[in-house]
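Notes for the one structure printed next.
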Amino acid sequence: MNFIAAVQALVDAGVDFVIIGGWSVILHGGDRATFDLDVCFSRNAANLPRLAKALAPFHPRLRDLPADLPFVWDEATLRNGTIFTLSTDLGAIDLLAELPGVGDYPEVKAHSIAVEAFGREVRTLDAPTLIRSKRATGRPKDLMDAMTLESLMDSIELP
Amino acid sequence: MTPEQLAVAEERLRHPAPGSRIAAAKEFGIDLTLLLHQLRLTPAQRVIWMHDFSAAMEQVRGAARPDRA
């Protein structure tokens with residue numbers, strides 16, 4: 001796994017994206033481990049070729065696709081879907097065009113903050129919105145994330 | 001985060017106020033001491049920490065399986 005390289009590739013290609021999920025929890029100070037990179041991406045026509053080009057060198061394939069079935073990674077594939085659960089040479093990367101509990105990409109981006117991490121400036125969900133997205137899934141591990149984030153928020157004197 | 005803010009945060013995590021969301025998290029089983037550790041790091045340091053953790057985990061993952069012994 002090399003998620004630092006994955007994020008840097010996305011940033012350097014000019015991809016419009018927001019880090020969500022476990023890495024966002026980690027960026028906010030959560031102590032949990034994560035083994036994939038969850039990204040919410042813009043479906044803007046200019047963004048899709050950038051996204052396709054950024055990940056192409058790392059041979060993305062759908063994780064649930066049998067190995068003997070062909071898969072084409074390009075702009076057209078991205079245009080035809082909103083959720084891609086990928087395995088890549090850098091690790092598992094999940095791409096979502098919208099986030100349950102939050103909304104589509106413009107809504108996600110509107111509730112994101114800029115953070116210096118991964119050797120770049122990246123955007124990630126703000127803590128209240130991340131909590132909202134975690135509570136929306138109803139999964140026990142996401143509930144734990146939500147409570148962790150609430151503890152972190154409540155421990156810090158926020159303006 | 002300023003040192004003063006960190007001190008306040010650490011105190012709240014070490015001694016959660018009864019009825020608070022922090023207390024509820026502790027009751028739920030969340031290890032607040034691990035949050036203290038992460039709070040002291042910058043976001044960039046958290047990424048490096050997780051990256052190093054992932055690399056170490058990949059090296060040892062499954063080492064105790066009978067077919068790997």
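Remember, it's a predicted structure, so these values are computed and weren't measured experimentally. Values below: every heavy atom of this structure, side chains too, minus hydrogens, waters and symmetry copies.
- Scanning residues 22-37 of chain A against chain B with a 4.5 Å heavy-atom cutoff picks out A:W23, A:I26, A:L27, A:H28, A:G29, A:G30, A:D31, A:R32, A:A33, A:T34, A:F35, ordered by number.
- Distance check, rounded to the nearest 0.5 Å: CD1 of B:I22 to CG of A:D154 gives 5.0 Å.
- A:V7 and B:I48 are members of different hydrophobic clusters when ILVMFWY side chains are connected at heavy-atom separations under 4.5 Å.
- Atom-to-atom distance recorded for A:L143:CG and B:I30:CD1 is 7.5 Å, nearest 0.5 angstrom.
- Note on A:I83 and A:L125: separate hydrophobic clusters, where clusters join Ile, Leu, Val, Met, Phe, Trp and Tyr whose side-chain heavy atoms are under 4.5 Å apart, directly or indirectly.
- Closest heavy-atom contact between B:L13 and A:S151: CD2-O, 4.1 Å.
- Nearest heavy-atom pair, B:R12 versus A:S155, reported as atom, atom and distance to 0.1 Å: CD-O, 3.7 Å.
- Nearest heavy-atom pair, A:M147 versus B:A24, reported as atom, atom and distance to 0.1 Å: CE-O, 3.5 Å.
- Following chains of ILVMFWY side-chain contacts shorter than 4.5 Å, one cannot reach A:L86 starting from A:V72, and the two form parts of different hydrophobic clusters.
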### Query
Stepwise, does the side chain to side chain contact (heavy atoms under 4.5 Å, CB included) test hold for A:F3 with B:H51?
CA-CA 7 Å; A:F3 294 120; B:H51 188 263; 5.6 Å; no
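- Heavy atoms closer than 4.5 Å to chain A are found in both the backbone and the side chain of B:L34.
- To the nearest 0.5 Å, the span separating CG on B:L35 from CG on A:L152 amounts to 5.0 Å.
- A:R135 meets the side-chain hydrogen bond (donor to acceptor under 3.5 Å, both in side chains) test with A:E150; sequence neighbours excluded.
- Note that the CZ atom of B:R21 and the CD1 atom of A:I131 stand 5.5 Å from one another [nearest 0.5 Å].
- Interface remark: B:L6 contributes no atoms to any contact with chain A (heavy atom separation under 4.5 Å).
- For the set B:P16, B:S20, B:A17, B:A25, the entry with the most heavy-atom pairs within less than 4.5 Å of chain A is B:A25.
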